[in-house]
Each structure stands twice: as structure tokens, then as C-alpha cells.
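To start, the structure under review is shown below, and the notes come after it.
By convention in this document, chain letters (A, B, ...) are assigned in the order of the sequence lines, proteins followed by strands, and residues within each chain are numbered from 1.
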Amino acid sequence: SAVISQKPSRDICQRGTSLTIQCQVDSQVTMMFWYRQQPGQSLTLIATANQGSEATYESGFVIDKFPISRPNLTFSTLTVSNMSPEDSSIYLCSVEETQKQFFGPGTRLTVL
Amino acid sequence: ILNVEQSPQSLHVQEGDSTNFTCSFPSSNFYALHWYRWETAKSPEALFVMTLNGDEKKKGRISATLNTKEGYSYLYIKGSQPEDSATYLCAFQASGSARQLTFGSGTQLTVLP
């Protein structure tokens, strides 16, 4: 199964700043997914990132707020821009392999 | 918007008790139903991927059933142990090229010693 790492594991940020989360996979994958879980909510898909093309965003998420890079088949970044306290969440990246989705350990973000 | 619901939201059981949770999902455009176990500060761990109506899967003391026609799945834990304490998530995967997962809000299980 794919092994996924994320950096940072957690951060506390000030309102109005931006944070870039990195996701590294130990194998080449076509699609990578970015999710978030706000407190008390379910995991929600933010966007799907394919290598070589622009990410596809779900309803309610826009590129200006959550720009995504996918420079190669093993790496992706998600930036949370101009943060507000409502962005406090756990952010996870995931990949699909043999019909299963594997998740990174998540980045716990707190915005003050 | 796909509606995936889980019940109960949280559950406390005594060690040794058996328990079960429910996941309901759309009965159309079904591709797969996933169950995950998510412990705090760890990655969600895939338990089962279920694709066929009537599927039953088992992993140790945990098993799951699937009814795609009526849109529900049950997860059973036999003889709960404190290490089973976690949030159990189900996720619906619709047919189509994207096939991303739509998650329920989870059932938070606490097993008391």
C-alpha cells in the first residue's frame, strides 16, 4: 500500500497569513486528493490534483483560496491562503491504489 | 450533493460487548462503499472496500455487510476491546471517471475497560 507523508503535522497561524502543506507519496500516482475535516464535520473533498493539469475543485472551494501544485507524480502541495479561524481543520491528502484510498497522517491547522 | 449518513454519532460500550453501526448512502450510481477506522493523530486506515450487493467482509473481529439496493451498510465489532476505540467512517464512491469519496460524519466509538 502507498505510504504518504505530510508536512507540517500541525501548525498555529495568524489570521491573514498563508500556509503551504506538502504531501509526498512513495510511489507514482495519477490522482491525488485533498480533504479537510472541520471540527465536528465529516471529511470533505477540496480538490483532485492530476499531474500536468489544473486541479479540479469541488463546490464551495476555489483556486484563489486553496491553490494546489502537482509538479510530479509523487508530490503535491495545498496552500491555505489568507487564513481565517474558519480554516482551522485537519487537512489530509490521499491517493487511490487498487480500489482503496490511502491517506496521509494529516496536518492539524489552527488559525488564531 | 450526495447524502451519506452514519448512526449513531457516538457510542460508549463496555469491553467485551459487541456493537454495530449503520451507514446509509444513495442507492443509485453505486460503485463502492468504503469503511475506515480513524484513530486520533493517525491516518485513516482502510478496513473494507465493498462493491457487490450482499457482500460480507471480515477482518478479525470486525465485519461489514452491504445492501446496495436499499443503500445501507452495517459494520459489526465482536467482543469490543479498548484498542477498538476510534472514529469509524464510511464513504460512498459513485460510478464515473472521478470516483472521489463522499464521507459520512463518522461514528465515534469508545470502549471502556
Heavy-atom count check: over 12 atoms from other residues, nucleotides or ligands less than 6.0 Å from [X] [atom1]?
X       : atom1 : result
A:Glu54 : CD    : no
B:Glu15 : CD    : yes
A:Gln24 : CD    : yes

TODO: Name the region of A:Gln37, side chain, backbone, both or neither, that has any atom closer than 4.5 Å to a heavy atom of chain B.
DONE: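 It is the side chain, since no backbone atom gets that close.
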
Open item on the list: Keeping B:Ser105 on the side-chain end and A:Ser42 on the backbone end, is there a donor-acceptor pair under 3.5 Å?
Closed with: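 No, B:Ser105 side chain to A:Ser42 backbone: no donor-acceptor pair under 3.5 Å.
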
Task: Side chain proximity check, A:Leu92 to B:Pro44, heavy atoms < 4.5 angstrom - done: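 Contact flag for A:Leu92/B:Pro44 side chains = yes.
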
Same cluster or not: [X] versus [Y], using hydrophobic residues (I, L, V, M, F, W, Y) connected whenever any side-chain heavy atoms lie under 4.5 Å apart?
X       : Y       : answer
B:Val4  : B:Tyr72 : no
A:Phe66 : A:Met31 : no
A:Val80 : A:Phe61 : yes
A:Leu73 : A:Phe33 : no
A:Ile4  : A:Trp34 : no

Separation of [Y] [atom2] from [X] [atom1] (nearest 0.5 Å):
X        : Y        : atom1 : atom2 : value
B:Trp38  : A:Leu43  : CH2   : CG    : 4.5 Å
A:Tyr35  : B:Leu101 : OH    : CG    : 4.0 Å
A:Phe103 : B:Leu89  : CZ    : CG    : 8.0 Å

Open item on the list: Quick check: under 4.5 Å, non-hydrogen atoms only, which of residues 45-65 of chain B neighbour chain A?
Closed with: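 Residues B:Ala46, B:Val49, B:Thr51 are the ones that qualify, each having a heavy atom under 4.5 Å from chain A.
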
TODO: Please list all pairs passing the salt bridge (Lys or Arg N to Asp or Glu O under 4.0 Å) test where one or both residues lie in residues 62-80 of chain B, with sequence neighbours left out.
DONE: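 Qualifying pairs, neighbours excluded: none.
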
TODO: Specify which of A:Gln41, A:Arg108, A:Gln101 makes the most heavy-atom pairs with chain B at under 4.5 Å.
DONE: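 Ranked by contacts with chain B, first place is A:Gln101.
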
- [ ] Please report the closest heavy-atom contact between B:His34 and A:Lys100, naming both atoms and the distance.
- [x]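 That would be CE1-CA, 4.3 Å.
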
